[in-house]
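Accompanying notes for the structure given below.
Here the structure is a predicted model, which means the values were calculated and not measured.
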Amino acid sequence: MEFAPKWIAWEITRRCNLRCVHCRSCSEAEVDGHPDFDSSEAYRVLEDIASYAKPVVVLSGGEPLLRNDVFDIAKHGTGLGLRMCLATNGMLVTDEVCVNIKDSGIRIVSLSLDGSTEAVHDDFRSVKGAFAGITNATGLFKKHGIEFIINSSFTKRNQEEIPAVYRLAKELGATAWYMFMIVPTGRGEEIMNELISKEQYEEILEWHYQMEMDEKNMLVRPTCAPHYYRVVLQRAKDEKSKFERRTLKFSTGGAKGCIAGQLICLLDVDGNVLPCSYFPKPAGNVRETSFKDIWENSGLFRDLRDFKSYKGKCGACEYINVCGGCRARAYSVHGDYMAEEPFCSHVPFKLTDKKRKSSS
């Protein structure tokens, strides 16, 4: 199957002990109207997914460690042959939690780190002690032999921290570091004025390219920045030998930009299946329809897989098959998920050539 589900983020609770400025789900201590589902429903959903495919399933939130049955859910998924993972902010991690992580079959844990200092990270997460929680969690994970990755989100508020956060992720012992360029959904809509400009965006992607070329030990990859793969190909024209090395590195995850509704999706606490964590439009609901039916037959997912129907610069772009533009960002900014990526500065060759011919 060309578009098989490889990775599912599952929001098992919308409750959280932080109040992050960019939170896509507006999570906080108590969230009205979005209660946690019970364990039996969780088992049913996992069984439904496993009967169709065996993707990575990331138990996320909110803060998933706020659920008393999180490890029961993980163990059930493990027993079904699913690769179970956990996404946490780190503040609730203890020795006991680490033992439960290993016993339940959770394969890897992701943590969020948005600043290289307490002042920057705690400001981004809106709770004092969030930075200390991360550093404590990484120490405990290393003690118990638990593999972890670090995700970092950036706006104008903390963009100068990017190189320092990368270095700290290495120092803490992360297996991988993912640099997220945020999509303004949920609480993120309140900080639209903090979005990094398309010009600076391009500079950051150029920095990441060079950094990744030099990185030997840790997997690094920009996330929600699909035009990075256009940058890779552009740079490769002058660096053929290096590109061949890059291709080997990318083969572990696939050199492809936006994969929302193509290889990944989000399952929210209400049962909605969405193209990705930042795309608020549902393709269907697992309380009403099987996951297989939603994945294969949803009109929304079919649209996202139809690259020839993309509009604007994306529709004309020679890099459409490796980039695709961020569909969630297009939806957030333009109100049309098929519209062009609003934070890409590249002008497609077709449009440049058309303009040149019309002026000659």
Exam field: side chain [X] to backbone [Y], donor-acceptor pair closer than 3.5 Å:
X	Y	value
E194	T155	no
R157	F124	no
D268	G271	yes
K216	D214	yes
K313	L351	no
K102	H144	yes
E11	V269	yes
N158	G115	no
D122	A130	yes

Of all the heavy-atom pairs spanning [X] and [Y], show the shortest one and how long it is.
X	Y	value
L92	V97	O-CG2, 3.6 Å
F37	I12	CZ-CA, 3.7 Å
S153	I182	CB-CG2, 3.6 Å
P226	C224	CD-C, 3.5 Å
P348	A316	CB-O, 3.6 Å
T78	S104	OG1-O, 2.9 Å

Indicate if [X] and [Y] have the same hydrophobic cluster label, given that clusters are the connected sets of ILVMFWY residues with side-chain heavy-atom separations under 4.5 angstrom.
X	Y	value
W207	V165	yes
M213	V231	yes
L172	V120	no
Y319	Y229	yes
I8	L304	yes

_Once ring-ring contact (aromatic ring centres under 6.0 Å, His included) is applied, what residue pairs with a partner in residues 62-93 remain, sequence neighbours excluded?_
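Every ring-ring contact (aromatic ring centres under 6.0 Å, His included) pair that includes a residue of residues 62-93, provided the two are not neighbours, is Y43-H76.
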
Could you measure the distance from the [atom1] atom of [X] to the [atom2] atom of [Y]? Nearest 0.5 Å is fine.
X	Y	atom1	atom2	result
L300	I294	CG	CD1	11.0 Å
I150	L168	CD1	CG	6.5 Å
R221	Y178	CZ	OH	5.5 Å
S39	I73	OG	CD1	5.5 Å
Q210	R235	CD	CZ	6.0 Å
L267	I49	CG	CD1	6.0 Å

*Residues two or more places apart in sequence or in another chain: which of them pass ring-ring contact (aromatic ring centres under 6.0 Å, His included) with Y337?*
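Y337 satisfies ring-ring contact (aromatic ring centres under 6.0 Å, His included) with F279 once adjacent residues are dropped.
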
Which residues share a side chain to side chain donor-acceptor pair (under 3.5 Å) with [X], sequence neighbours left out:
X	value
T138	none
W10	none
E161	S116
D270	H34

Can you confirm whether [X] sits close enough to [Y] that some side-chain heavy atom of one is under 4.5 Å from a side-chain heavy atom of the other?
X	Y	value
L46	M84	yes
H121	I134	yes
L86	V58	no
I204	M181	yes
M218	Y166	yes

In terms of side-chain heavy atoms, does [X] have a donor or acceptor partner in [Y] at a distance below 3.5 Å?
X	Y	value
N89	E63	yes
Y228	E212	yes
D114	S152	no
E318	H346	yes

*Go through the steps for V273 and F291 under the test side-chain contact (heavy atoms from CB on, under 4.5 Å), then give the verdict.*
CA-CA 8 Å; V273 179; F291 178 81; 4.3 Å; yes

Tell me every residue that passes salt bridge (charged side-chain N to carboxylate O under 4.0 Å, His left out) with [X], counting only those two or more places apart in sequence or in another chain.
X	answer
E118	K128
K170	E215
K281	none
R305	none

*Taking the six-membered ring where the residue is Trp, are the ring centres of W295 and F301 under 6.0 Å apart?*
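Yes - the distance between ring centres of W295 and F301 falls below the 6.0 Å cut-off.
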
*Quick one: are the ring centres of Y201 and H227 less than 6.0 Å apart?*
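Centroid separation for Y201 and H227: below 6.0 Å.
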
*Tell me the salt bridge (charged side-chain N to carboxylate O under 4.0 Å, His left out) pairs involving residues 133-146, sequence neighbours left out?*
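Salt bridge (charged side-chain N to carboxylate O under 4.0 Å, His left out) check on residues 133-146 returns D95-K143.
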
_Criterion side-chain contact (heavy atoms from CB on, under 4.5 Å) on R329 and H334, from CA distance to verdict_ = CA-CA 8 Å; R329 196 174 287 116; H334 300 302; over 6 Å; no

*Inspect the surroundings of NZ in K156 and state if more than 12 heavy atoms from other residues, nucleotides or ligands are less than 6.0 Å away.*
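Check passes, neighbour count above 12.
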
_Crowding at CG, N68 (>12 non-hydrogen neighbours, <6.0 Å)_ =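 For N68, atom CG is not crowded (no more than 12 foreign heavy atoms under 6.0 Å).
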
*List the steps, then state whether side-chain contact (heavy atoms from CB on, under 4.5 Å) holds for V56 with C85.*
CA-CA 7 Å; V56 172; C85 301; 3.8 Å; yes

*Could you tell me how the ring of Y310 sits relative to the ring of F307: parallel (under 30°), tilted (30 to 60°) or perpendicular (over 60°)?*
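Ring orientation of Y310 relative to F307: perpendicular.
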
*Please step through side-chain contact (heavy atoms from CB on, under 4.5 Å) for the pair Y52 and S290, ending with a clear verdict.*
CA-CA 9 Å; Y52 171 55; S290 72; over 6 Å; no

_Partner set under side-chain contact (heavy atoms from CB on, under 4.5 Å) for A137, not counting sequence neighbours_ =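 A137 satisfies side-chain contact (heavy atoms from CB on, under 4.5 Å) with V93, L111, F141 only.
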
